[in-house]
Amino acid sequence: MKDSAIPASRSTASTAPVDEVLPITQMILYGLQHVLVMYAGAVAVPLVVGNAVGLPAEHIILLISADLFICGAATIVQSMGIRPWLGCRLPLIQGCTFAALIPMVLIGKEYGIGAISGSVIVSGIFILCCAPWISRLIRFFPKVVMGGIVTLIGLSIMPVAGGWIGGGSSEMEGFGDLFSLLMAAITLVIILNLYTFATGVVKNTAVLIGLIIGTILWSFFKPLDFHLVNATPWLHLPSVMQFARPEFHIVPVALLSMVMVVVMVETMSSIMATGDIVGKKVDATMLRNGLNTCGLATTICGFFNLFPYAAFAQNVGLIGLTGVRSRFVVSVSGAILILMGVFSKMAALVVLIPKPILGGAGIVMFGMVAVSGIRTLGQVNYRNNNNGMVVALTLGLGMMPVLVPNLFTQFPPMMQLFLHSGITIGTLTAIVANLTLNGSVPLRISHDIPEPDPLPPSAAARNMAVRTVRMWLLLRKVQKGQQPQHSAGE
C-alpha cells in the first residue's frame with residue numbers, strides 16, 4: 001500500500017532514504033525545521049548589505065521577502081531536479097552565501113546597489129560557464145580528501161553558532177552576557193533530551209521544538225520586539241529591478257566572479273557531504289547540475305537586486321542530526337520559503353527567534369557536519385601511505401583563517417578574498433597534498449552506493465537511563481539495609 005503512493009516512474013532507487021515520500025504532516029514539520037535553521041543565515045546577507053548601501057528599513061524588509069521567494073524556488077529545483085541540466089536531486093537548501101558578503105559590501109559602498117546587481121548577474125553566468133568542467137574535479141576527491149574537507153566545513157562554521165550564542169556579533173555591546181549563554185544552554189539541553197529520549201516525529205523535530213520552547217522561555221524574561229512584524233505588509237511579490245537597475249563595472253564584476261570560485265568549491269563540498277550522509281553516490285553530473293542551479297538562481301536574482309546563492313552547510317548538519325534524508329522534505333521547505341516570501345508578515349515572525357536560541361541549536365547541527373567528515377576519515381587506510389599528513393595539512397591550514405582571522409591582512413585585498421576562506425584553503429591543500437604525497441592514483445569508477453548513517457536507537461538510550469535510575473535506587477536501599485529479597489537470587 002505504501003509503495004502504491006510512490007510514482008511508478010521511480011524504480012528501485014525510490015526505496016532509498018533520499019527518495020522516500022513521507023506523510024504530508026511530517027514533511028511540513030521537517031520542512032519547517034529546515035527553514036527555521038537556515039532563516040537567520042538567509043536574511044543576514046540582505047540585512048547587512050541593505051544597511052551598508054543605505055536602504056531604508058522598509059526596503060530591506062521587501063528585499064528579504066524577495067530573497068526568500070527566490071531561495072524557495074531554487075531549493076525546489078535543486079532537490080527535485082529538472083533533467084538533464086538542473087538540480088542534484090539531493091536534500092539541499094539554497095540561500096545567500098556568506099562568502100560574497102564582504103565583497104558586496106565594498107562594491108555597494110563604492111558603486112551602489114546597481115553595481116552589486118550587475119556583478120551578481122555576471123557572476124551567475126560565470127558559474128554556468130564553469131560548471132561543466134569544474135564538476136569533473138570529483139576525481140580529485142578520494143575519501144581522505146573528502147573527509148578532511150567535510151570535517152573542515154563543520155569546524156569552520158562553528159564560530160557562527162558561537163556568535164549567535166553571544167547575541168549576534170562579538171563587536172556588539174553586551175555580547176556574551178550571562179542570560180544569553182544560559183538560554184543557549186537551556187535550548188541545547190532541551191534538544192538533547194528530546195533527541196535522546198523521544199521517538200518518531202518528536203525525535204526528528206527536536207531542533208524545531210527546541211527553538212519554539214526556547215523562544216517562549218526567552219519571552220518570559222525579555223519581551224520580543226514585534227515592531228518589524230507590524231511594519232511589514234501582508235503580501236509582497238518580487239519586483240524586477242525594484243531598487244536599482246543593474247550596472248556593469250569591470251572591477252566589481254571581476255571581484256565577484258573570483259569569489260564565485262570559492263562558492264563553487266563550497267557548494268560541491270556540501271553536495272558531496274550530503275550525498276555521503278543520505279547514502280547516494282555523487283558523480284560529476286550531479287555536481288554539474290547542482291552548480292547549474294546555483295548559477296541560474298544567482299543570475300536571476302541579480303535582476304531582483306539580490307545576491308549570489310549557494311548550498312547551506314548548516315542544513316547538511318540537520319540532516320545528519322535528525323536522520324530525515326528525504327529530498328521531498330527539503331522541497332516542502334522550498335514551498336514554505338516561497339509562502340514566507342509572498343506573505344511577508346509570516347517571514348517577519350521568524351525574525352523574532354533570539355540569536356542565542358539559534359546558537360544553542362547550532363552547536364549540535366554544525367557539529368554533526370564535522371561528525372560526518374570524521375566518519376568518512378574513519379574509513380581511510382593510514383598504513384603505508386601519507387594519508388595522515390594529508391588530513392593534518394587540510395585541517396591545520398584550513399583552520400588558520402578561523403583561528404587567526406587577521407593572519408592575512410597584509411596581503412592585497414584581492415588575495416584576502418581567498419585567504420580569508422578556510423574552506424577554500426583547505427580544499428586546495430587537500431587536493432594538492434594528496435596528489436603530491438600519495439601520488440596520482442588511476443581513476444577507478446566505483447558503483448558501490450555508500451551506506452547512509454544509521455539512525456541512533458532512542459530506545460537504547462531510554463533503557464539505559466531507566467537501568468541507571470533502578471541501580472541508583474537499589475544502592476540506596478542497600479545503604480539503608482533494605483536490600484530487596486530478589487537480590488539474593490542474583
Side-chain angles (χ1 to χ4, degrees), residues 6-7 10 13-24 26-39 41-42 71-83 86-95 150 153-154 157 201 203-208 266-283 285-287 289-294 297 309-338 361 364-366 368-369 371-373 375 449-455:
I6 302 176
R10 274 181 267 146
S14 62
T15 59
V18 70
D19 295 315
E20 183 180 5
V21 179
L22 302 175
I24 185 63
Q26 293 186 23
M27 289 199 294
I28 292 175
L29 283 175
Y30 299 151
L32 180 59
Q33 183 172 237
H34 272 288
V35 171
L36 291 180
V37 165
M38 60 80 65
Y39 188 85
C71 174
T75 297
I76 293 176
V77 172
Q78 189 73 279
S79 57
M80 297 300 293
I82 300 178
R83 299 193 179 205
L86 292 176
C88 63
R89 300 170 69 85
L90 289 174
L92 280 171
I93 295 283
Q94 300 296 116
V150 175
I153 291 176
I157 61 179
V201 177
K203 176 186 179 69
N204 292 332
T205 56
V207 174
L208 172 60
E266 292 179 354
T267 298
M268 288 197 301
S269 300
S270 296
I271 292 174
M272 289 185 287
T274 304
D276 191 54
I277 291 174
V278 303
K280 188 169 184 178
K281 192 169 186 62
V282 175
D283 54 21
T285 300
M286 292 175 65
L287 291 177
N289 292 351
L291 292 177
N292 282 342
T293 304
C294 291
Y309 281 81
F312 264 33
Q314 50 261 54
N315 291 86
V316 178
L318 181 62
I319 295 170
L321 174 64
T322 63
V324 180
R325 306 177 178 94
S326 173
R327 59 190 174 93
F328 296 99
V329 167
V330 171
S331 297
V332 172
S333 301
I336 294 174
L337 286 169
I338 291 177
V364 180
M365 294 180 301
F366 300 162
M368 289 302 296
V369 177
V371 168
S372 176
R375 187 181 70 86
I449 299 178
E451 289 291 331
D453 292 335
L455 294 177

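Scope of the values below: all heavy atoms of this structure, side chains included, with no hydrogens, waters or symmetry mates. These numbers come from a predicted model, not from an experiment.
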Nearest heavy-atom pair of [X] and [Y]: which atoms, and what distance?
| X | Y | value |
| --- | --- | --- |
| G87 | T293 | N-OG1, 2.8 Å |
| V278 | P91 | CG1-CG, 3.9 Å |
| Y30 | V329 | CB-CG1, 3.4 Å |
| V316 | A273 | CG1-CB, 4.2 Å |
| D19 | F328 | O-CE1, 3.4 Å |
| C71 | L337 | SG-CD1, 3.7 Å |

Results of side chain to side chain donor-acceptor pair (under 3.5 Å) for N315 - residues two or more places apart only: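 Listed in chain order: H34.
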Return the set of residues passing side chain to side chain donor-acceptor pair (under 3.5 Å) with S326 (not counting sequence neighbours), or none when no residue passes.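 Per chain and number, S326 pairs via side chain to side chain donor-acceptor pair (under 3.5 Å) with no residue.
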Side-chain heavy atoms of M272 within contact of L287, under 4.5 Å: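 Counting from C-beta outward, M272 and L287 do come under 4.5 Å.
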Side-chain heavy atoms of L90 within contact of R327, under 4.5 Å: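 Not in contact.
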Starting from the C-alpha separation in whole Å, work towards a yes-or-no answer on side-chain contact (heavy atoms from CB on, under 4.5 Å) for M268 and V282. CA-CA 10 Å; M268 288 197 301; V282 175; over 6 Å; no
Identify the residue among L92, I93, I336, V35 that makes a side chain to side chain contact (heavy atoms under 4.5 Å, CB included) with T75.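 It is I93; the other options fail the test.
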Can you tell me how far CD1 of I271 sits from CG of D276, rounded to the nearest 0.5 angstrom?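 The CD1 atom of I271 is 14.0 Å from CG of D276, to the nearest 0.5 Å.
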Backbone of M80 reached by a side-chain donor or acceptor of R89 within 3.5 Å: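 Yes, the answer is positive, given that a donor and an acceptor are paired below the 3.5 Å cut-off.
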side-chain contact (heavy atoms from CB on, under 4.5 Å) partners of C294, counting only residues at least two apart: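 For C294, the residues satisfying side-chain contact (heavy atoms from CB on, under 4.5 Å) (neighbours in sequence not counted) are Q78, Q94, T267.
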Taking side-chain contact (heavy atoms from CB on, under 4.5 Å) as the test, write out the residues that go with A361, two or more places apart.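 Checked A361 against side-chain contact (heavy atoms from CB on, under 4.5 Å); matches are I191, V207, L211, M365.
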